Amino acid sequence: MPTLAEIVYKITDTVLNIQPGNVVSVAAEIHNSSNTCNPLSELPFTEELATRIRKKKAFPVLEISTENLQKRFFSEMSDEIFSLPMDYYLKWIQDIDFFIEIGWKLSDPGTNEEREKYASVRRAADTIINKIVKAEKKILFLNFPTKQLAELINSNYEELLEVYLQLMNCNYFSLKMKAKDLSENVLIHNDIIINSGVEQLKLTLKKQSIEVLDGSLGDQHILSLPAGVVSVELERHRLSGVFSASRVYYKHSVFNDVKISFENGNIRYISFPDDKDENKKVKEALEEASAYCLMKTGLNNSISEYTNFSVYDVCISDNISLCFFDENSNEIVLSNKKAYLEN
């Protein structure tokens with residue numbers, strides 16, 4: 001298993017190319033809610049990152065929060081108190097060259113009251129991210145796993161951490177070459193077919209919308225890791241046929257072996273292998289999803305098995321994923337790593 005030091009070196013030197021004198025904000029969280037195991041799981045990575053940044057003669061600014069503090073913000077403060085003036089954020093942004101977020105983020109906090117507060121906070125966070133982009137600064141989301149994440153997806157934390165480190169230790173040059181090959185030889189066509197078992201799904205690409213996540217920032221201001229995905233927007237009304245998904249991910253729930261049939265972009269049917277109450281929520285989310293949808297193709301051959309966390313799994317080499325979005329912009333991901341593209 002690669003060490004934290006090896007992963008951090010790739011982040012600071014390969015991905016971000018941090019230079020002497022740069023100021024780098026590193027945001028991490030202490031997971032100290034009442035039933036959280038290993039509350040300090042993010043700190044060794046944070047310390048390693050801060051040490052490497054300082055060795056490069058740059059300046060790490062550590063911004064540590066806690067789960068309990070965030071819960072108190074949600075429960076005890078009104079939006080008016082919780083929201084700081086935008087001038088405060090603009091001054092903070094101006095002094096920082098790179099922003100690094102260590103941990104993954106929960107997409108569905110639970111109760112309706114928490115969801116409303118969370119939605120307000122997320123809108124504020126989106127505004128800040130937009131200000132960071134407008135100021136031409138860089139922000140990196142590392143999606144580091146925690147035991148809470150492992151519990152949500154019914155995974156072993158140590159195994160999940162090992163998978164994460166393997167994904168992060170990929171050959172970034174190889175990702176660039178694979179992305180180039182895919183873009184020039186497959187995604188060059190407007191109309192393609194996804195073969196998933198005996199099923200076929202015809203689709204039309206918006207080729208001008210191709211985005212490559214290969215671990216290089218380039219002109220981008222926002223980057224999410226692990227890397228190894230080529231994403232392209234689809235013409236929703238041109239989706240016709242059947243896609244067989246070995247995994248469907250929605251709000252940290254995972255559904256196996258789901259088939260979805262489209263006709264001119266409309267869903268004709270969704271079939272599940274068993275009859276469970278929770279199937280209804282993903283079925284409704286898909287039926288009411290917005291017209292905006294994506295196809296993602298994985299490039300990262302560091303792992304080959306699903307983890308049940310979509311952020312990692314969409315990166316698996318040759319894994320084909322269709323991505324839809326519910327009314328709150330939560331992603332619904334349908335994946336099949338045995339599917340393949342055909343012109």
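Values below: all heavy atoms of this structure, side chains included; hydrogens, waters and symmetry mates excluded. Since this is a predicted model, take the numbers as computed values, not measurements.
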task: Grab the two heavy atoms, one from Phe173 and one from Asn171, that are nearest each other, plus how far apart they are.
output: N-OD1, 3.1 Å

- request: Return the minimal non-hydrogen interatomic distance between Phe144 and Ser41, and the atom names on each side.
  value: CE2-O, 3.5 Å

field: In one Ile/Leu/Val/Met/Phe/Trp/Tyr side-chain cluster, 4.5 Å: Leu341, Leu175
entry: yes

task: Start with the C-alpha gap between Phe325 and Tyr292, add the side-chain angles, then the distance that decides, and say whether ring pair (Phe, Tyr, Trp, His ring centres under 6.0 Å) holds.
output: CA-CA 7 Å; Phe325 300 86; Tyr292 177 70; 5.4 Å; yes

message: Do Leu142 and Tyr164 have side chains that approach each other closer than 4.5 Å (heavy atoms only, starting at C-beta)?
response: yes

task: Output yes when Glu151 and Lys147 qualify as a salt bridge under the 4.0 Å nitrogen-oxygen rule, no when they do not.
output: no

field: Same apolar cluster (I L V M F W Y, side chains within < 4.5 Å links), Leu294/Ile193
entry: no

- request: Write down the atom of Ser196, the atom of Val242, and the distance for their closest heavy-atom approach.
  value: OG-O, 4.1 Å

Please list, one pair per line, the donor and acceptor atoms closer than 3.5 Å that link side chains of residues 223-234 to other protein atoms, with sequence neighbours excluded.
{"unit_1": "Ser224", "atom_1": "OG", "unit_2": "Asn143", "atom_2": "ND2", "d": "3.0"}
{"unit_1": "Glu233", "atom_1": "OE2", "unit_2": "Lys206", "atom_2": "NZ", "d": "3.1"}

- request: Tell me whether Tyr340 is reachable from Leu205 by hopping between hydrophobic residues (I, L, V, M, F, W, Y) whose side-chain heavy atoms are closer than 4.5 Å.
  value: no

query: Ion pair present between Asp313 and Lys337, side-chain N to carboxylate O less than 4.0 angstrom?
result: no

message: To the nearest 0.5 Å, what is the distance between CD1 on Ile11 and CE on Met168?
response: 4.0 Å

query: Hey, mind stepping through Glu287 and Lys283 against salt bridge (Lys or Arg N to Asp or Glu O under 4.0 Å) and telling me if it holds?
result: CA-CA 6 Å; Glu287 290 173 341; Lys283 183 175 183 291; 2.7 Å; yes

message: Let me check something: do Leu217 and Met177 share a hydrophobic cluster, defined by ILVMFWY side-chain heavy atoms less than 4.5 Å apart, either directly or through other members?
response: no

- request: Report yes if some heavy atom in the side chain of Lys180 is under 4.5 Å from a heavy atom in the side chain of Asp214; otherwise report no.
  value: no

- prompt: Around atom CD of Gln208, are there more than 12 heavy atoms of other residues, nucleotides or ligands at under 6.0 Å?
  reply: yes

task: Under the side-chain contact (heavy atoms from CB on, under 4.5 Å) rule, collect the residues that match up with Lys276, sequence neighbours excluded.
output: Asp274, Glu278, Asn279

- request: Could you check Arg52, Lys55, Glu48 and say which one makes a side-chain contact (heavy atoms from CB on, under 4.5 Å) with Tyr9?
  value: Arg52

- request: Could you tell me which non-hydrogen atom of Tyr172 sits nearest to which non-hydrogen atom of Thr14, and how far apart they are?
  value: CD1-CG2, 4.1 Å

query: At their closest point, which heavy atom of Ser244 faces which heavy atom of Asn336, and how far apart are they?
result: O-ND2, 2.8 Å

- prompt: Is the Trp104-Tyr312 ring centre distance short of 6.0 angstrom?
  reply: no

- prompt: Given the rule that I, L, V, M, F, W and Y join up when any side-chain heavy atoms are under 4.5 Å apart, are Ile320 and Val311 in one cluster?
  reply: yes

